[in-house]
Amino acid sequence: MKNDTQKRIRITDTTLRDAHQSLWATRMRTDDILQIASAIDDAGYYSLECWGGATFDVCMRFLRENPWERLRQIKSVCKKTPLQMLLRGQNILGYKHYPDDIVDRFVALACENGMDIFRVFDALNDPRNLEKAIASVKKYGGHAQGTISYTTSPVHTVENYVKLAKEQEAMGIDSLAIKDMAGILTPGAARELVGALVKALPEMPIQIHSHMTSGMAAAMYLAAVEAGAGCVDCAISTMSSFSSQPPCESMVAILESEGYDTGLDQKKLAAINAYFRELKAKRQPASTAKVEAVDAGVLVHAIPGGMISNLRSQLAQQGALDRLPEVLEELPKTRADMGYPPLVTPTSQIVGVQSVLNVLSGKRYSMVTDETKHYAAGYYGRTPAPIEKKLAKKLQGGLKPITCRPADLLKPGLAAAAREIPAKLVQAEEDILSYCLFPEVALGYFKWRAQPDDAKDPIPADVEMQKAESAAAPAPAADAETAKFAEIGKAFAALMAACGGTKVDLSAVKLGEAAQGGKVGEAAPGGKVGEAALSPLQATGSDKSVASPTQEPTGTPVVAPLNGTFYRSAGPGKPELAADGASVKAGDAVCIVEAMKLFNPIKATASGKITFVAKHGAAVTKGETIAWIS
């Protein structure tokens, strides 16, 4: 990859990682990959990006797969082409900083299991957060690719990017990537930035990564190559464009027309594409199937490709997909408030979720995630621009601000994590690292894995698919007998109401359910599990309500503000935020609802004695009562 003399332009294939993370909410299965891995390995790519990013979390959480086993299996097939991963520096693959010993051991095991190239980046471009990861990659024989997380703002200049590149060169990186997460790098800006980097670091191979969200990436790639870049990221055409990378086949044709050699065979690429075209019908989520081909709005909101896919999915989970335009309008404002961070994991998640909360709560920053608090207090690193003092204090929520390298404050964590996991659930050292990164998710997966096959719960991703298929299927028509009894039921309900009795809410009952084995009174989809379709009705001529047969606890309810997972503590082995029956004060954090992969502290709505009604680890819906304060 000598920029000044070479005519060969290398291409990294992102189909097995970033492409399906951007388009399919990371739902590609290991079996899907293995069926085509040999053909991809034989295509002539420079490297195959197949691991890291969101794949690790999703493997365990939604697919019930072991991410380490996925890496091993891909490596067992792909003998010719180096494997590549995306490593979030001190955040590894998670959403917070981890101790140095965990970073080092993770990299060591990744190398042992088959990883070759590590693209190491930091969401804030804070070089202190790259040091340990880059050193560990070099220590264990991997290729360390440094990264510039590209964005635009008053403080992001070519001069500052060159300075960042030189700092990484001093750390010993083998190559440098410009990571244009949102697809906002224009051809002119790419030519200027790559030209400045080639001049400042003439021996450093430069690779370009972008997304087609704005429609500019292919043109930008050509400009970057003409300025001296030697490698670009592409995806096979069926898995390309939209919020994914430029199509490989088209980019090969463009480059070859300009006199460059890619070493790729279009016939082999066509065979690979045919496989993914067929797979697409089975794996593409319904929420992304009708996405516009080009979103010029990204030039304003700057949301990276993978985040757009996840944001749609997350809003859909909250029953608020129709509010996406409001969130996209809010996001640039939140980003400016928070010091113009580049929108790449985890800051894209932190800023994105905070923007969602600002919209859904109706009042900006009335709900602040734990991650936002730590970000504002410096626990993710230096913000590109300072946060306004009054807002910073509000966001920090009492946390003491820091200015040192965040990981310097962390004690070694590997041994403690190993002690926390039940020994019978651990099959290999890699399981301990999985637990270190995602404790609750990993434990849930380990417990599921330990069950006999006939006792395992359904795979969450399969349940998603079944729900999507059911939603798309036409509702079955009620047979004549069911319709007749439904009319009788309506007449009975009206009679009861006229007599001052209890109204039966038949609007919440699907007519076809009796014929399908359902129970009369079951809530229709969208209702809360366990809720009866009965509601008190004011009696005619009376100003009193008839009491429900089942009396709920008295007092002030604490409700879930979002759909998510309910937790009493911040993690396995950590103390409960509030004990059942304890006295709490209004405003105290008493529990957590994990939503959109971030932890949202839930505050007491009154002072008094708290009684929890939701179970630790249970799924809860927005508006559901999770505790009472009496």
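These values consider heavy atoms only, across backbone and side chains, with no hydrogens, waters or symmetry-generated copies. Numbers here are sequence positions counted from 1. A quick note: this is a predicted structure, and the numbers were derived from the prediction, not measured.
- Interatomic distance, CD1 of I432 versus CD1 of I102, reported as 10.5 Å (0.5 Å rounding).
- Between K373 atom NZ and E371 atom CD the span is 10.0 Å, to the nearest 0.5 Å.
- Using a distance-only test at 3.5 Å, with no hydrogens or angles considered, a donor-acceptor pair links the side chain of Q90 to the main chain of Y98.
- With no hydrogens or angles considered, no side-chain donor-acceptor pair links T26 and T55 at under 3.5 Å.
- In this structure, R70 CZ and T30 OG1 are separated by 3.5 Å, a value rounded to the nearest 0.5 Å.
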Can you give each donor-acceptor pair under 3.5 Å made by side-chain atoms of residues 456-466, sequence neighbours left out, with the distance rounded to 0.1 Å?
residue	atom	partner	partner atom	Å
K456	NZ	Q451	O	2.8
K456	NZ	D453	OD1	3.0
D462	OD1	R29	NH1	3.3
D462	OD1	R29	NH2	3.0
E464	OE1	R27	NE	3.0
E464	OE1	R27	NH2	3.4
E464	OE2	R27	NH2	2.9

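- Scanning all heavy atoms of the two residues, the minimum distance from L395 to A376 falls at CB-CB, 3.7 Å.
- At least one side-chain heavy atom of W24 sits under 4.5 Å from a side-chain heavy atom of M239.
- The line from CZ of F242 to OG1 of T213 is 11.0 Å long, rounded to the nearest 0.5 Å.
- Counted by atom type alone, S355 and E330 present zero donor-acceptor pairs between their side chains at under 3.5 Å.
- Evaluation of the side-chain hydrogen bond (donor to acceptor under 3.5 Å, both in side chains) test over residues 577-587, restricted to residues two or more places apart or in two chains, returns none.
- Taking the six-membered ring where tryptophan is involved, the planes of F56 and W51 are perpendicular, since the angle between them exceeds 60° and thus also 30°.
- Proximity of T605 to I629: side-chain heavy atoms (C-beta onward) are separated by under 4.5 Å at one or more points.
- Pairs engaging residues 336-348 under the salt bridge (charged side-chain N to carboxylate O under 4.0 Å, His left out) rule: D337-R364 [sequence neighbours left out].
- The aromatic rings of W448 and Y445 sit parallel to each other, their planes meeting at less than 30°, with 60° as the upper class boundary.
- Remark: E440 pairs with Y567, P572, H616 by the side-chain contact (heavy atoms from CB on, under 4.5 Å) rule, at least two apart or across chains.
- The distance from atom OH of Y375 to atom CD1 of I387, rounded to the nearest 0.5 Å, is 5.0 Å.
- Shown here for K622 and N563, the closest heavy-atom pair between the two residues is N-OD1, 2.5 Å.
- The side-chain heavy atoms of N358 and K363, taken from C-beta on, include no pair separated by under 4.5 Å.
- Two residues are said to be in side-chain contact when any heavy atoms from C-beta on lie closer than 4.5 Å; V559 and I626 fail this criterion.
- Side chains of V620 and T565 form no contact here, defined as non-hydrogen atoms less than 4.5 Å apart.
- Sequence neighbours left out, the pairs with a member in residues 442-452 that pass salt bridge (charged side-chain N to carboxylate O under 4.0 Å, His left out) are D431-R449.
- When all heavy atoms of A589 and L577 are compared, the pair lying nearest together is O-CB, 3.7 Å.
- Side chains of L86 and D18 form no contact here, defined as non-hydrogen atoms less than 4.5 Å apart.
- Applying the salt bridge (Lys or Arg N to Asp or Glu O under 4.0 Å) criterion to E576, with sequence neighbours excluded, gives R568.
- Aromatic pair W68/F106: ring centres closer than 6.0 Å.
- Listed here is the closest heavy atom pair of P342 and L124: CD-CA, 4.3 Å.
- A salt bridge does not link K603 with D588: every distance from a Lys NZ or Arg NE/NH1/NH2 to an Asp or Glu carboxylate oxygen is 4.0 Å or more.
- Seen from the ring of Y95, R88 counts as a face-on cation partner, given the 6.0 Å and 45° thresholds.
- Side chains of R17 and S22: no donor on one and acceptor on the other come within 3.5 Å.
- Separating the OG atom in S241 from the CG atom in L23 is a distance of 8.5 Å, to the nearest 0.5 Å.
- Taking the side chain as every heavy atom from C-beta outward, E420 and Y435 approach each other to under 4.5 Å.
- Using a 4.5 Å heavy-atom threshold, the side chains of S348 and M181 count as separate.
- When only modelled atom types and interatomic distance are considered, T372 and Q354 share a side-chain donor-acceptor pair under 3.5 Å.
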